[in-house]
J.: 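Dropping the structure in here first, questions after.
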2 protein chains.
Amino acid sequence: MADRPDLAAMMARLTRVLMNAERPVLESHGVSMWGYVVLSALADEPMRTQAALARAIGADKTRIIADLDDLQERGLIEREPDPADRRVRLLRLTAAGRKLHQAVRTAIRAEEERLLAGLTSAQKQLFLRILQDLDPGTR
Amino acid sequence: MADRPDLAAMMARLTRVLMNAERPVLESHGVSMWGYVVLSALADEPMRTQAALARAIGADKTRIIADLDDLQERGLIEREPDPADRRVRLLRLTAAGRKLHQAVRTAIRAEEERLLAGLTSAQKQLFLRILQDLDPGTR
DNA sequence: TATTGTTATACTCTATAACTATA
DNA sequence: TATAGTTATAGAGTATAACAATA
């Protein structure tokens, strides 16, 4: 590879490693990847429509419906028709949902720390800062 | 997201952005993503079996066959039975294949530069270095 | 008529299993 | 019988299109 592998190749491999490490964490809490992403978005701020939520997390609106069904059945999110416009569903975390999200997030942070364990604390900070700067999803 | 988005979320988003930016580059050279990955691996070193190549690039052996067919038909790789064991196929780039790989790689490096344009040269170097250190694919 | 959410369908990608040809 | 490569089949994930409810 001459000097270094392609950036996309390295990023894709690392993403896969991370996701593989996090899968058991998610499973142990009984939540799917998209379920966790939904919880994260709603932990950030409640949403007025499912379409807005889907857009916020970069998913298709049809793709998150099953996850919303599941999260709602388990009492992790509330999803009630807006009285002012009964087509839209107001979405927000329940107390249980917020608690679960925080628990999963803490466990995931621990996995991230494991992946970055070889870096000095200065390198770690710099790496994360650069990623945030490049990240189009950081609002 | 409290302090920062999850690492996996940032990595996945960035990977997607990169791949979207690179897709037109690959298309303009008439090569698929896996085709380019194959060319990259063979540019690194010839392979004695397709299974070894598949393993090297993290793909299933059945998944790369169509790409190998295509690359061979276009004279970009050689793929001849080993006289010593006619079950295995010896794989290597042709001169044309090496030339195409270098052209695509150069174009992809340009896209990478665009993504990283906001960073100082020191940040850029550090970022790439850290990625290489974390990358399990760096042999 | 336009929009939100939902369901149904199709398409892409990948993995698994079955087959051939060599050894 | 075991292995490399190939083809065929099935499964998961995703996107597209059609539909029902509401405005």
Side-chain angles (χ1 to χ4, degrees), chain A residues 8-9 12-13 15-20 22-24 26-27 31-38 41-42 46-73 77-92 137, chain B residues 8-9 12-13 15-20 22-24 26-27 31-38 41-42 46-73 77-92 137:
Chain A
R13 276 192 290 263
T15 303
R16 187 148 38 114
V17 167
L18 247 187
M19 284 186 165
N20 285 341
E22 293 176 3
R23 187 166 303 121
L26 294 170
E27 274 173 15
V31 64
S32 72
M33 190 195 69
W34 283 114
Y36 173 66
V37 172
V38 165
L42 293 180
M47 297 271 175
R48 212 183 79 84
T49 71
Q50 295 182 187
L53 171 62
R55 205 177 322 116
I57 64 179
D60 193 276
K61 65 171 180 170
T62 66
R63 192 161 71 188
I64 61 173
I65 291 180
D67 295 279
L68 293 177
D69 290 346
D70 174 64
L71 294 173
Q72 184 183 19
E73 275 168 29
I77 64 170
E78 279 177 11
R79 186 200 204 181
E80 55 173 355
D82 183 346
D85 180 347
R86 302 227 311 286
R87 292 175 303 180
V88 316
R89 306 270 176 272
L90 303 174
L91 301 166
R92 59 174 168 275
Chain B
R13 276 192 290 263
T15 303
R16 186 147 41 113
V17 167
L18 247 187
M19 286 187 162
N20 286 340
E22 292 176 4
R23 187 166 301 121
L26 293 170
E27 274 173 16
V31 63
S32 72
M33 190 195 69
W34 282 112
Y36 173 66
V37 172
V38 165
L42 294 180
M47 296 272 174
R48 211 183 79 83
T49 70
Q50 295 181 186
L53 171 62
R55 207 177 321 115
I57 65 179
D60 193 276
K61 66 172 180 170
T62 66
R63 192 162 69 188
I64 61 174
I65 291 181
D67 294 280
L68 293 177
D69 290 346
D70 175 63
L71 294 173
Q72 183 183 20
E73 274 168 30
I77 65 171
E78 279 176 10
R79 186 200 203 180
E80 55 173 356
D82 182 347
D85 181 346
R86 301 227 311 287
R87 292 174 303 180
V88 316
R89 306 268 177 276
L90 303 174
L91 302 166
R92 60 172 166 275

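By convention in this document, chain letters (A, B, ...) are assigned in the order of the sequence lines, proteins followed by strands, and residues within each chain are numbered from 1.
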J.: Kindly say if R79(A) contacts the phosphate of dT6(C), meaning a side-chain N or O under 4.0 Å from OP1 or OP2.
T.: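 Checking R79(A) against dT6(C): at least one side-chain N or O falls below 4.0 Å of OP1 or OP2.
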J.: If I take atom CG from residue L90(A) and atom OG1 from residue T49(A), how far apart are they, to the nearest 0.5 angstrom?
T.: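 OG1 of T49(A) is found 9.5 Å from CG of L90(A).
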J.: Picking from dG5(C), dA17(C), dA17(D), which would you name as closest to the side chain of T62(A)?
T.: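 Looking only at side-chain atoms, T62(A) lies closest to dA17(D).
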J.: Counting any heavy atom closer than 4.0 Å, what does D60(B) reach on the DNA or RNA strands: base, sugar-phosphate only, or nothing?
T.: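 Base contact - D60(B) has a heavy atom under 4.0 Å of at least one base atom.
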J.: With sequence neighbours excluded, tell me which residues meet side chain to side chain contact (heavy atoms under 4.5 Å, CB included) with D67(B).
T.: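 If we apply the side chain to side chain contact (heavy atoms under 4.5 Å, CB included) test to D67(B), skipping adjacent residues, the hits are S32(B), W34(B).
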J.: Could you tell me the separation between the CZ atom of R48(A) and the C1' atom of dT4(C), rounded to a whole number of Å?
T.: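 Taking atom C1' of dT4(C) as the reference, CZ of R48(A) is at 10 Å.
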J.: Taking for each residue the nucleotide of DNA chain D with the nearest heavy atom, is it A84(A) or R87(B) whose nucleotide lies nearer the 5' end?
T.: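 First, find each residue's nearest nucleotide; the 5'-ward one identifies R87(B).
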J.: On a heavy-atom basis, which atom in L26(B) and which in M33(B) lie closest, and how many Å separate them?
T.: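 Looking at all heavy atoms of both residues, the closest pair is CD1-CA, 3.9 Å.
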J.: Distance check needed: dA21(D) C1' versus Q50(A) CD, whole Å only.
T.: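 Answer to the nearest Å: 14 Å.
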J.: Expressed in angstrom and rounded to an integer, what is the separation of M47(B) atom CE from dG5(D) atom P?
T.: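 The answer, rounded to whole Å, is 12 Å.
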J.: Once you round it to whole Å, what is the distance between C1' of dG5(D) and CG of L91(B)?
T.: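 Going from L91(B) (CG) to dG5(D) (C1'), I get 11 Å.
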J.: Reckon R89(B) has a side-chain N or O less than 4.0 Å from the OP1 or OP2 of dA4(D)?
T.: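 Answer no for this pair, as no side-chain N or O of R89(B) is under 4.0 Å from OP1 or OP2.
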J.: Using whole Å, report how far CD1 of I65(A) lies from C1' of dT16(D).
T.: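 Whole-Å distance recorded here is 14 Å.
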J.: Taking atom P of dT4(C) as reference, at what distance in whole Å does atom CG of L53(A) sit?
T.: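 For the pair L53(A) CG and dT4(C) P, the rounded distance is 14 Å.
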J.: Could you give the NZ-to-C1' distance, from K61(B) to dT14(C), as a whole number of Å?
T.: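 Those two atoms, NZ and C1', are 15 Å apart.
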J.: How close do R79(B) and I65(B) get, counting heavy atoms only, and between which atoms?
T.: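 It is NH2-O, 4.0 Å.
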J.: Please report, rounded to the nearest Å, how far the P atom of dG5(D) is from the CD1 atom of I64(B).
T.: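 To the nearest whole Å, that distance equals 8 Å.
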J.: Return the minimal non-hydrogen interatomic distance between P81(B) and R86(B), and the atom names on each side.
T.: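 Minimum heavy-atom separation between P81(B) and R86(B): CB-O, 4.1 Å.
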J.: Any N or O donor-acceptor pair linking the side chain of R86(B) to the base of dT22(C) at under 3.5 Å?
T.: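 There is none.
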J.: Report yes if a side-chain nitrogen or oxygen of W34(B) is closer than 4.0 Å to either non-bridging phosphate oxygen (OP1 or OP2) of dC13(C); otherwise report no.
T.: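 Answer no for this pair, as no side-chain N or O of W34(B) is under 4.0 Å from OP1 or OP2.
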